[in-house]
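Report on the structure given below.
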Amino acid sequence: MHHHDHGAHAGAENPAGTPAQARSHRRRLAIACAITVGIVLAQAVGAWVTGSLALLTDAVHSLTDSIGLGVALVAAGLMYRAATAQRTWGFRRVEILAGLLQATLLLGVGIYAAVEGISRLGAPPVIMHLELLLFGAAGLAGNVISLLVLASGRKASLNMRAAFLEVSADALGSLSVMIAAVVIWTTGWQQADAVAALAIAALIIPRALLLLRETARVLLEFAPRGLDLEKVREHMLTQDHVQDVHDLHASTVATGLPVISAHVVLDDACFREGCVPETLSRLKTCVAEHFDVAVEHSTFQLEPPSIAAGETHTHA
């Protein structure tokens, strides 16, 4: 016997609230994304004009965040689309693939900025400080506008919160560029640009590694963070009529959508006396409510000992 619990799953796919709220969130994300793309173009031109490594690093940093905002926008647009027979989870994993792309790009840029920044400390090029300050100020102004656009909706969903944090990180990068420009202007210390690039690299490399680790966990179908499957198994075994739990698996389809499956061996009396539905309900409640990570999409195969004895278990 199998159980597939889809009721709460629908709520997980609709984190943005009502359709009107979702439209508002999409509009805010679209504005922030457009501003960020504009910042990327301006910073790329600025890096070419000024020769600034810090501005170039921040430009690519902004580019990766524009990808993140674009994915958030797509996710906000797709969250109401129903799954199909071919796309059983819809496009939920688009965010994971985009996260992997972002992480790879960020890590590459961070390493490049660190290596080039260290090199420039010894032989710094002459940086056009006034132009650098203007391009940095333009980037910061765009970031501030984006933050104001996203601020009121940042608590509505993980999607909006991630977008707000991405723009906040961009603002810190633009601020670093401006500080470097002011230092070069007032002291003539050209290494300030390399120091700013190293600071931005220090900002993005840990973030890239964290994002890479989290996307890898999803793609490799590790158990959701914070969910101890041994404790899940132990708690399931405390339920009446449950003799054994095997082939227990848990993974994450996308943000906010953990899933779990297991073969559960019930005593023969449970099948004879008709208590299977009640036991199934308790198991469903167990994984959905007992643990810190609420797994509301569960698939359980309930089987008598005679069937379980004939199976070859690859997972204890």
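Just so it is clear, the values below take in all heavy atoms, side chains as well, and ignore hydrogens, waters and symmetry mates.
- There is a path of hydrophobic side-chain contacts, each under 4.5 Å, that joins Ile31 to Ile39.
- Of all non-hydrogen atoms in Ala197 and Ala113, the two that sit nearest each other are O-CB, 4.1 Å.
- Look at Arg225 and Asp292 and you find no salt bridge, because none of the NZ, NE, NH1 or NH2 atoms lies under 4.0 Å from a carboxylate O.
- The hydrophobic clustering, which links ILVMFWY residues whose side-chain heavy atoms are closer than 4.5 Å, places Ile35 and Leu55 apart.
- For the pair Met236/Val264, a side-chain contact is recorded, criterion being any heavy-atom separation below 4.5 Å from C-beta on.
- To the nearest 0.5 Å, the span separating CD1 on Ile179 from CG on Asp193 amounts to 13.0 Å.
- Of the inter-residue distances, the one linking Leu211 atom CG with Leu105 atom CG reads 11.0 Å to the nearest 0.5 angstrom.
- Sorted by first and then second residue, the side chain to side chain donor-acceptor pair (under 3.5 Å) pairs involving residues 127-147 (not counting sequence neighbours) are Asn143-Ser174.
- Counting only residues at least two apart or on different chains, no ring-ring contact (aromatic ring centres under 6.0 Å, His included) pair has a member in residues 31-62.
- Using a 4.5 Å heavy-atom threshold, the side chains of Arg282 and His241 count as touching.
- Panel note: side chain Thr88, backbone Thr84; no donor-acceptor pair is recorded below 3.5 Å.
- The closest donor-acceptor contact from the side chain of Arg28 to the backbone of Val149 lies under 3.5 Å.
- For the atom pair SG (Cys33) and CG (Leu150), the distance works out to 10.5 Å, reported to the nearest 0.5 Å.
- Taking CG of Leu41 as the start and OG of Ser66 as the end, the distance is 9.0 Å to the nearest 0.5 Å.
- A 4.5 Å side-chain heavy-atom check between Phe135 and Met128 finds every atom pair outside the cut-off.
- Following chains of ILVMFWY side-chain contacts shorter than 4.5 Å, one can reach Val177 starting from Val60, so the two form part of one hydrophobic cluster.
- Put simply, the side chain of Arg120 never gets that close to the backbone of Pro125: no donor and acceptor are under 3.5 Å apart.
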> Does the salt bridge (charged side-chain N to carboxylate O under 4.0 Å, His left out) test come out yes or no for Asp65 and Arg207, once each step is laid out?
Replying inline: CA-CA 12 Å; Asp65 285 340; Arg207 177 184 166 203; 2.4 Å; yes
> Under the side-chain contact (heavy atoms from CB on, under 4.5 Å) criterion, do Thr299 and Ile260 qualify, and how do the steps go?
Replying inline: CA-CA 6 Å; Thr299 303; Ile260 193 168; over 6 Å; no
>> Using side-chain contact (heavy atoms from CB on, under 4.5 Å), reason through Val259 and Trp89 one step at a time and then give a plain yes or no.
In response: CA-CA 12 Å; Val259 296; Trp89 291 112; 3.8 Å; yes
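- Aromatic ring orientation, Phe291 versus His235: perpendicular (interplanar angle above 60°, classes split at 30° and 60°).
- Listed for the Thr50 side chain is a donor-acceptor partner under 3.5 Å among the backbone atoms of Gly46.
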>> Run the side-chain contact (heavy atoms from CB on, under 4.5 Å) test on Phe300 and Val287 for me, step by step, so that the C-alpha distance in whole Å, both residues' side-chain angles and the decisive distance to 0.1 Å come before the verdict.
In response: CA-CA 11 Å; Phe300 296 131; Val287 297; 4.0 Å; yes
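- The nearest pair of heavy atoms linking Gln102 to Ile67 is CG-CG2, 4.1 Å.
- Using a distance-only test at 3.5 Å, with no hydrogens or angles considered, no donor-acceptor pair links the side chain of Arg93 to the main chain of Ala254.
- Annotation: side chain of Gln190 is in contact with side chain of Val126 (closest heavy-atom distance under 4.5 Å).
- Scanning both residues, Val245 and Ala262, for their nearest heavy atoms gives CG1-CB, 4.1 Å.
- Of the possible polar contacts, none joining the Ser119 side chain to the Val115 backbone as a donor-acceptor pair under 3.5 Å is found.
- Side-chain contact annotation: Gln301 with His246, donor-acceptor N/O pair under 3.5 Å absent.
- Using modelled atom types, one finds no donor on one side chain facing an acceptor on the other under 3.5 Å when comparing Gln239 with Thr279.
- Asp267 and Gln243 share no donor-acceptor pair across their side chains, judged by distance under 3.5 Å alone.
- Note on Lys231 versus Glu234: no salt bridge recorded, every NZ/NE/NH1/NH2 to OD/OE distance being 4.0 Å or above.
- Rounding to the nearest 0.5 Å gives a distance of 4.5 Å between CG of Leu266 and CZ of Phe271.
- Side-chain contact between Leu100 and Ile96: absent, with no pair of heavy atoms (C-beta onward) separated by less than 4.5 Å.
- Side-chain contact check for Leu106 versus Ile205: every heavy-atom pair is 4.5 Å or farther apart.
- Criterion: ILVMFWY side-chain heavy atoms under 4.5 Å apart, direct or through other members. Under it, Leu210 and Leu219 are not part of a common hydrophobic cluster.
- Residues Val167 and Leu69 meet the side-chain proximity criterion, which asks for heavy atoms closer than 4.5 Å.
- Taking each heavy atom of Gly117 and Ala194 in turn, the nearest pair found is O-CB, 3.5 Å.
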> Would Trp189 and Val195 count as a side-chain contact (heavy atoms from CB on, under 4.5 Å) if you check the C-alpha gap in whole Å, the side-chain angles of each, and the deciding distance to 0.1 Å?
Replying inline: CA-CA 10 Å; Trp189 192 53; Val195 171; 3.7 Å; yes
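- The hydrophobic cluster containing Leu165, built from Ile/Leu/Val/Met/Phe/Trp/Tyr side-chain heavy atoms closer than 4.5 Å, comprises no other residue.
- Glu278 contributes atom CD, which lies 11.0 Å from atom CG of Leu283 (distance to the nearest 0.5 angstrom).
- At distances below 3.5 Å, not a single donor-acceptor pair connects side-chain atoms of Glu303 with backbone N or O atoms of Val265.
- The minimum heavy-atom distance linking Ala169 with Leu203 is given by the pair O-CD2, 3.8 Å.
- Two residues are said to be in side-chain contact when any heavy atoms from C-beta on lie closer than 4.5 Å; Ser62 and Gln43 meet this criterion.
- Hydrophobic clustering (ILVMFWY, side-chain heavy atoms < 4.5 Å, transitive): Leu175 and Val183 are in one cluster.
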